Enquirer: 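Supplied in structure tokens, the structure appears directly below.
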There are 2 protein chains.
Amino acid sequence: MATHVVNEAQKLATTDKTFCDLPPAIADTLEQEALTTTYPTGAVLFAEGQAPRGVFIVRRGRVKLSICGSDGRTLILRIVDPGCPLGVAAVVSGRPYEATAETQEPSEISFLRHSDLLNLMRQHGEFALWVTQHISADYASTCREIRDLILSDSASEKLARLLVGWLDQNTASKNPSQMKLALTHEEIGQMIGSSRETVSRLFAGFKKQRLIQQTGSTLVIPDRVALESLITA
Amino acid sequence: MATHVVNEAQKLATTDKTFCDLPPAIADTLEQEALTTTYPTGAVLFAEGQAPRGVFIVRRGRVKLSICGSDGRTLILRIVDPGCPLGVAAVVSGRPYEATAETQEPSEISFLRHSDLLNLMRQHGEFALWVTQHISADYASTCREIRDLILSDSASEKLARLLVGWLDQNTASKNPSQMKLALTHEEIGQMIGSSRETVSRLFAGFKKQRLIQQTGSTLVIPDRVALESLITA
DNA sequence: ACCGGTCGGTGATGGAGATCACACATCGCT
DNA sequence: AGCGATGTGTGATCTCCATCACCGACCGGT
């Protein structure tokens, strides 16, 4: 509910600059070449391992990016917000999509075909740079993911990191220490690479330690510093 | 020793096209703008967290790319071969270098300043595309890394995967099931996210199961399929 | 030959968390 | 109400691997 309001605001904000932070000339071209569609919740834009058809640019909504292990377990790489292109790495490198993209709420998404993307990049260095900046950011965030997930161990540390990270994204809210919990324990587990049960137990522990309070889907973090002290412990 | 020979061959192959797979016009420009230096073994080109100064392009030699966790443990992301640019993501996104780059043998490396890279990319879409292709490949390989390291568990599976991967890179050798082991157990552990002792024990187990044979630093994998059967088990 | 360093093998131990197996709470549906 | 589906809380157990603690091998320097 609350998220819808946010997204409407974002939509309005972006109708101005159309394609986010791109120069108007390129944004217009993009607007002409791209095909914009509205997807319902749970739509799969592309799946890990498929041959790349093109890139998707999130205009409105939220998209979950995940990878799947051989044993069937799932790891959520990140939740993608409007303004971000998806699947660029696959298209540019010609390799299969490296993750699965699935809408988490009704979303408006532009599609740009493989060849159109490459042509645009060749013609407009500025656009190529924009694309590259996004991949670079993705790469950096993936590296952080690796560091956090492999080199920290202790599930509590990872959960604390995740919560603090969410808190930072939450600057828009009136109460900065309060947030809506949009994911299930299962999904949170998939974000920090641990089981549903472990997440449950960790939440219980955090509550006992007064690190978090929870009423319904509302999460309050009274003492951010205390939570941060769990990180790099 | 053997690697030196390989590298000489690669050097010869690249002196032709100079900057690998780039169009000659751009390669020439790059050749003028870039500063090429020879580094000894163990030189640190850049360290994780530093502000980006520019990109490094490996011309000859091998460079180890690693990240370091808060607890001091190290994870080797990959070993970079000639022809690959390093640190691009950091320069393009303006964020700190996301990993540490260290030469593993005497290496010849070109340096291109921050601003020069961006200008070149803006001016030559083709060059920007080349850069983006490399980042994309890095991104894809990092995703695989995540999948393999987090979603497989069982250290033996990871080691088996690593060995099979090395086997694939080894196509140049006369005996395709034979290879030189260039890393210590410690470093192998850092590649698969486990301890030195575990690697030792795994190797012992593999030998007992006749999955590998080892004499000195030469590793023979008599039955590749058997090794692969450990993966996704 | 003597050492100090790095590397590799191997036993013993402990602990974090996966997994299994429940019970309970919602919530939407007919 | 009654019912499945889905999400959550929590105990018991079990497994894998990190860690500690050695020892022996090898190599390069003086």
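Values in this document were obtained by computation on a predicted structure and should not be read as measured data. Proteins get letters first, then strands, A, B, ... in listed order; numbering begins at 1 in each.
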Enquirer: C/dG8 P sits how many Å from B/I188 CD1, rounded?
Expert: 8 Å
Enquirer: Would you kindly give the CD-to-P distance between B/E186 and D/dA18, to the nearest whole Å?
Expert: 12 Å
Enquirer: Rounded to whole angstroms, how far apart are CG on B/L202 and C1' on D/dC16?
Expert: 11 Å
Enquirer: Counting any heavy atom closer than 4.0 Å, what does A/T198 reach on the DNA or RNA strands: base, sugar-phosphate only, or nothing?
Expert: sugar-phosphate
Enquirer: Write down the distance between CZ (A/R201) and P (C/dG15), rounded to a whole number of angstrom.
Expert: 18 Å
Enquirer: Does a donor on one side chain sit under 3.5 Å from an acceptor on the other, for A/S136 and B/S93?
Expert: no
Enquirer: Can you tell me if B/R113 has over 12 outside heavy atoms packed within less than 6.0 Å of its CZ?
Expert: no
Enquirer: Within this structure, what is the CD1-to-P distance between B/I192 and D/dA18, rounded to whole angstrom?
Expert: 8 Å
Enquirer: State whether B/R201 and B/E197 are salt-bridged, where the test is any N-O pair (Lys NZ or Arg NE/NH1/NH2 against Asp/Glu carboxylate O) under 4.0 Å.
Expert: no
Enquirer: Classify the nucleic acid contact of B/K158 as base, sugar-phosphate or nothing, counting any heavy atom under 4.0 Å across all strands shown.
Expert: nothing
Enquirer: In whole angstroms, how far is the P atom of D/dT8 from the CG atom of A/L183?
Expert: 10 Å
Enquirer: Nearest to the side chain of A/H185 - C/dG9, C/dA12, D/dT8?
Expert: D/dT8
Enquirer: When we call it a touch if two heavy atoms are under 4.0 Å apart, what does A/T184 touch: a base, just sugar-phosphate, or nothing?
Expert: sugar-phosphate
Enquirer: Answer with base, sugar-phosphate or nothing: what part of the nucleic acid does A/G189 contact at a heavy-atom distance below 4.0 Å?
Expert: nothing
Enquirer: Just the rounded figure in Å: distance from P of D/dC16 to CG of B/L230.
Expert: 14 Å
Enquirer: Return a single string for nucleotides 21-29 of chain D, one symbol per nucleotide in 5' to 3' order, where B is base contact, S is sugar-phosphate-only contact and - is none, cutoff 4.0 angstrom on heavy atoms.
Expert: ---------
Enquirer: Tell me: CD of B/Q190 to P of D/dC17, nearest whole Å?
Expert: 18 Å
Enquirer: Check whether any side-chain heavy atom of B/F206 lies under 4.5 Å from a side-chain heavy atom of B/L159, and answer yes or no.
Expert: yes
Enquirer: Between A/K180 and A/T218, is any side-chain donor less than 3.5 angstrom from a side-chain acceptor?
Expert: yes
Enquirer: Are A/K207 and A/Q214 linked by a side-chain donor-acceptor pair shorter than 3.5 Å?
Expert: yes
Enquirer: Can you tell me if A/R210 and A/Q213 form a side-chain donor-acceptor pair at under 3.5 Å?
Expert: no
